[in-house]
There are 2 protein chains.
Amino acid sequence: MSRPREFDVEEVLDKAVETFWSKGYEATSIQDLVENMGIHRGSLYAAFGDKQRLFLTVLDRYRKVVVRKLLDILDTDASGKAAIRHFFATVIEHVITGGPLRGCLVTNSAVERGLSDPDTAKKVSLCVAQLEDGFYKALLRDQSTCELDNQRDLRALARYLTCNLQGLLVIGKIRSDPLQALE
Amino acid sequence: MSRPREFDVEEVLDKAVETFWSKGYEATSIQDLVENMGIHRGSLYAAFGDKQRLFLTVLDRYRKVVVRKLLDILDTDASGKAAIRHFFATVIEHVITGGPLRGCLVTNSAVERGLSDPDTAKKVSLCVAQLEDGFYKALLRDQSTCELDNQRDLRALARYLTCNLQGLLVIGKIRSDPLQALE
DNA sequence: ATCATTCTTGACTATTTGGTCTAGAATGTC
DNA sequence: GACATTCTAGACCAAATAGTCAAGAATGAT
């Protein structure tokens with residue numbers, strides 16, 4: 001009935017993820033997005049709305065792709081301890097090899113925009129809550145197999161791990177040699 | 001010999017600290033600074049140079065005032081454990097009562113500008129290194145009084161605490177109820 | 001093949017950005 | 001009090017910003 005889009009939405013969205021991830025929200029101009037996404041201004045606005053809406057869509061995409069992949073590591077048959085160990089090893093690998101120390105889009109967005117934009121804050125909170133829940137469920141497995149003391153407050157432990165994760169992602173942006181930051 | 005400044009440099013610098021702290025580098029316009037610092041455009045440029053140089057000066061000021069105050073907590077006669085406990089209690093209090101969840105200027109700057117501006121990265125690294133060293137020295141006290149096992153790698157422990165601090169500051173920006181984030 | 005639809009394209013606009021400059025006022029020294 | 005100096009004040013500028021729009025091209029349904 002009409003002319004179809006010439007670009008793949010998810011494909012260019014991934015380019016937008018990369019751009020915001022590397023530069024942050026404020027430092028990314030529409031021009032940057034146009035160039036990196038490889039589509040023209042008009043198409044961008046037609047397909048994704050304004051910068052703010054695109055950014056929120058980008059956050060969703062990041063959660064569905066990057067965060068999801070991490071959550072899958074925790075959601076396994078292995079022991080919680082092993083899963084959590086694997087999780088952090090992957091994050092560190094991710095931070096190290098993810099090109100120029102760009103950290104994590106969620107963490108970056110929390111710090112840069114969490115205060116000024118409630119919509120961003122909400123999406124960031126969702127990601128963080130999902131991670132915390134992933135830790136919690138992993139810990140629960142260990143408690144059910146008596147690998148973990150029944151008295152331990154798993155919610156507190158999960159929050160503790162989430163906090164450590166955020167710290168690691170910040171340190172990862174500071175230290176050029178991330179191995180130094182490890183232990 | 002010449003007309004003296006009508007404003008106190010440190011006083012208006014503190015206003016600049018507040019502004020960058022609350023809004024971040026990119027989101028802060030010269031106009032914001034002019035309004036918040038209460039001096040006029042020309043005076044601002046004459047006294048502090050351009051935006052980038054002002055920001056670096058602001059980082060120094062923050063380190064000398066805010067970070068210094070925190071370091072003093074660690075540098076005490078009390079046991080390392082007590083000092084570190086006091087330290088984190090203060091940080092949390094600081095994050096909670098510091099107005100609208102603005103976190104820590106160093107952490108914020110690390111995330112927002114660490115990648116794109118080497119000068120900022122350097123100043124951020126200095127702050128983080130100072131904090132790590134503060135932890136290290138506190139731990140060293142406990143090792144000398146045999147409160148802490150001689151076998152422990154204090155440098156690793158200090159880095160671990162530094163990482164936790166960063167995580168706490170990020171979580172503090174996300175959670176509207178910081179007590180939730182505590183344990 | 002025609003037509004309605006929706007795409008792409010790039011020029012366009014109003015606003016805001018960081019930064020400069022000139023004019024005039026206030027000061028300390030002589 | 002006169003002068004050199006350095007302040008304040010705010011108009012000014014070029015460039016970049018986010019976002020719009022109109023014209024033409026490509027498509028699918030008929």
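Lettering follows sequence order; numbering is per chain, from 1.
- Here the closest heavy-atom approach between residue B/Val170 and residue A/Thr107 is recorded as CG1-CG2, 4.0 Å.
- Rounded to whole Å, the distance from CD1 on A/Ile30 to C1' on D/dT20 is 12 Å.
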Quiz prompt | Worked check of side-chain contact (heavy atoms from CB on, under 4.5 Å) between B/Arg113 and B/Gln52 | solution = CA-CA 11 Å; B/Arg113 286 182 69 64; B/Gln52 161 77 0; 2.9 Å; yes
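- Classification of A/Lys51 and A/Asp32 as a salt-bridged pair fails, no side-chain N sitting under 4.0 Å from a carboxylate O.
- Remark: A/Arg53 fails to qualify as a cation-pi partner of A/Phe48 under the 6.0 Å distance and 45° angle criteria applied to the six-membered ring.
- B/Trp21 contributes no side-chain N or O that, together with a main-chain N or O of B/Asn108, makes up a donor-acceptor pair within less than 3.5 Å.
- Among all heavy-atom pairs drawn from A/Ser109 and A/Val124, the shortest one is CB-CG2, 4.1 Å.
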Report, one line per pair, each donor and acceptor closer than 3.5 Å where one atom sits in a side chain of residues 73-89 of chain A; sequence neighbours left out.
from, atom 1, to, atom 2, distance (Å)
A/Thr76, OG1, A/Ala78, N, 3.3
A/Ser79, OG, A/Ala82, N, 3.0

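- Remark: the A/Gln31 side chain and the A/Arg41 side chain contain an N/O donor-acceptor pair separated by less than 3.5 Å.
- Contacts between residues 37-56 of chain A and DNA chain C, counted as heavy-atom distances below 4.0 Å, involve A/His40, A/Arg41, A/Gly42, A/Ser43.
- Contacts of residues 14-23 of chain B with DNA chain D (heavy atom under 4.0 Å): none.
- Remark: P of C/dG18 and CD of B/Glu35 are 12 Å apart, rounded to the nearest angstrom.
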